[in-house]
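Both backbone and side-chain heavy atoms feed into the values below; hydrogens, waters and symmetry mates do not. Letters go in sequence order (proteins before strands), and every chain restarts at 1.
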There are 2 protein chains.
Amino acid sequence: MSDQTEAEFLATYDPTAYPPTGITVDLVLLTIIDGNLSVLLVKRAGHPYKGKWAIPGGFVEHDEGLDDAALRELQEETGTELFSGHIEQLGAYGKPSRDPRFRIVSIAYVAFFPEPGNPIAGSDAAEARYWPVDMIDRDMLAFDHGTIIDDAIERARAKLEYTTHATAFLPYEFTIGQLRRVYETVWGVDIEPANFRRKVLSTFRLEEAGGSLGLGRLYALPALTENLYPPFYRETTQ
Amino acid sequence: MSDQTEAEFLATYDPTAYPPTGITVDLVLLTIIDGNLSVLLVKRAGHPYKGKWAIPGGFVEHDEGLDDAALRELQEETGTELFSGHIEQLGAYGKPSRDPRFRIVSIAYVAFFPEPGNPIAGSDAAEARYWPVDMIDRDMLAFDHGTIIDDAIERARAKLEYTTHATAFLPYEFTIGQLRRVYETVWGVDIEPANFRRKVLSTFRLEEAGGSLGLGRLYALPALTENLYPPFYRETTQ
DNA sequence: ATAATAGTGTCTTTTAGACAATATCAC
DNA sequence: GTGATATTGTCTAAAAGACACTATTAT
């Protein structure tokens, strides 16, 4: 049995003979609120981990793709019909003991998006709020969500280095100063404005949006306009 | 139902009421053979996709972590007790239609390791061989394995840029020239030997192993020796 | 000895970073 | 006007890249 191929295994596999396994998607929703990188957490109303905070998520429907489930959850949690941000798959978390009730494998996603107008995300009666990541203590979190959040933040920091996804934290039109503050917030560093400006203008291929906000001129990522409409922007595989 | 929280959902969720979902791990085993980046494929003996080639994989045992399942499969496929290479999680693939029989979510892993002595990996009766990635046609592959392989190669190319995992394609001791050829093979470019040497010596923190191979001196990654023993090297989460 | 690769030296180009100076806007 | 931020300019330091040259080894 241990050295048979997948083909042989599948041919003889009886799904109903195995204990059930659940598949969920969990979302690390990252945004910058008042200059703090923040993540949306939902307070658990029931056991297990009653009273602890969890990242939002839910089961994947039986005929639903993983990305589709993540986008559905995203819409439910942020209450936005049109999501103007970036979402990508973070990874699968499947330690057998991660849920005390039965085996659940979670596919985690991480999303970046602009500061939401309403402080509390849509959703329902359960308490939900954005937490600055610096204020989150591992003991307050349910399941392995501390690990998932840590991985998501690390992913975010890495992605800003070699993509233009920092713009996902901002509205479609933004100033170079706003973009610099995104980097400073996520990376926790100070960046020299003059050098940052030159670097961004030479690598991001921004187009001038015409107007200005405060002191700075407004720019936009050309590609972003194409991603305003469902099925949104995806770089992950289903 | 669509706006209840995960907590509420789980509390009322009856696992047996849903159609079964299978969890597999699939492995993209990458190595360099005769100067070609190659991937291990297994010819499928049964339906579906009978006669097509698939990456090796298998079901995750019910009490087994994802990484553990991947390492078990790795050992079965490569036949090595001690794996001297690098393995990391690639991502989850869960399009509902990806397996025609029933819903299977696959957690894909990608591994880099030195050219194996025996051309055909251990395993069993099924035909298995390493294919140069340039010779792989999408039509010869089963399931969505073409997509998974493409993603794995992209991951490999990206990882060489900002990690030392290129050394995973080589034995513990290697020359700078061998390491350069890894980069040239995976990236499909020519690299200037003099500049490459300086770059690697200034960033990899290699230690001289003492001997020489052919023309070049032998070097080794200091950290690698710690990773010779189970549970091997892991950077992925469970 | 010859050919091929390893390794060193040196120069040029590019990029990153520090910092002064000016411009513009909110108040 | 004052203070803060944006923007441009300029200089220095570091990194990347091109390429000549020497050293070593397999044949």
Legend entry - Set of residues satisfying side chain to side chain donor-acceptor pair (under 3.5 Å) with respect to A:R198, sequence neighbours excluded: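 Testing A:R198 for side chain to side chain donor-acceptor pair (under 3.5 Å), a comparison that skips the adjacent residues, returns A:N195.
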Legend entry - With B:N36 via side chain to side chain donor-acceptor pair (under 3.5 Å) - residues at least two apart: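 Counting only residues at least two positions away or on another chain, B:N36 forms no side chain to side chain donor-acceptor pair (under 3.5 Å).
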Are there any protein N/O atoms within less than 3.5 Å of an N/O atom in nucleotides 25-27 of chain D, and if so, which ones and at what distance?
none

Has [X] got a side-chain atom pairing as donor or acceptor with [Y]'s backbone, closer than 3.5 angstrom?
X      : Y      : answer
B:E73  : B:P56  : no
B:H145 : B:A54  : no
B:S38  : B:I32  : no
A:K52  : A:D139 : yes
B:Y109 : B:D67  : yes
A:E208 : A:R217 : no
B:R155 : B:V110 : no

Legend entry - Range on DNA chain C touched by chain A, heavy atoms, distance below 4.0 Å: C:dA16 to C:dC25
Legend entry - Qualifying salt bridge (charged side-chain N to carboxylate O under 4.0 Å, His left out) pairs, either residue in residues 167-184 of chain B, two or more places apart: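 Of all non-adjacent pairs touching residues 167-184 of chain B, those that pass salt bridge (charged side-chain N to carboxylate O under 4.0 Å, His left out) are B:R180-B:E184.
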Inset, instruction - Could you pull out all residues at least two apart from A:F112 that satisfy ring pair (Phe, Tyr, Trp, His ring centres under 6.0 Å)? - result: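 Counting only residues at least two positions away or on another chain, A:F112 forms a ring pair (Phe, Tyr, Trp, His ring centres under 6.0 Å) with A:H86, A:F169.
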Inset, instruction - Name all residues meeting the ring pair (Phe, Tyr, Trp, His ring centres under 6.0 Å) criterion together with A:F196; count only those two or more places apart in sequence or in a different chain, and write none if there are none. - result: A:Y183
Legend entry - Interface residues of residues 179-196 of chain A with DNA chain D (non-hydrogen, below 4.0 angstrom):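 Nucleic-acid contacts, sorted: A:R180, A:R181, A:P193, A:A194.
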Inset, instruction - Enumerate the residues from residues 197-206 of chain B whose closest heavy atom to DNA chain D is under 4.0 Å, giving them by residue number; use none for an empty result. - result: B:R198, B:K199
Inset, instruction - May I ask you to say whether A:R72 pairs ionically with A:E76, meaning some side-chain N is under 4.0 Å from a carboxylate O? - result: yes
Legend entry - side chain to side chain contact (heavy atoms under 4.5 Å, CB included) partners of A:S106, counting only residues at least two apart: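 By the side chain to side chain contact (heavy atoms under 4.5 Å, CB included) rule, A:S106 matches A:T24, A:D26, A:R98.
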Inset, instruction - Apply side chain to side chain contact (heavy atoms under 4.5 Å, CB included) to A:L215 and list each qualifying residue two or more places apart in sequence or on a separate chain. - result: none
Inset, instruction - Please round to 10 degrees the angle between the axis of the first five pairs and the axis of the last five pairs in the helix from C:dA1-D:dT27 to C:dC27-D:dG1. - result: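 Terminal axis comparison yields 20°.
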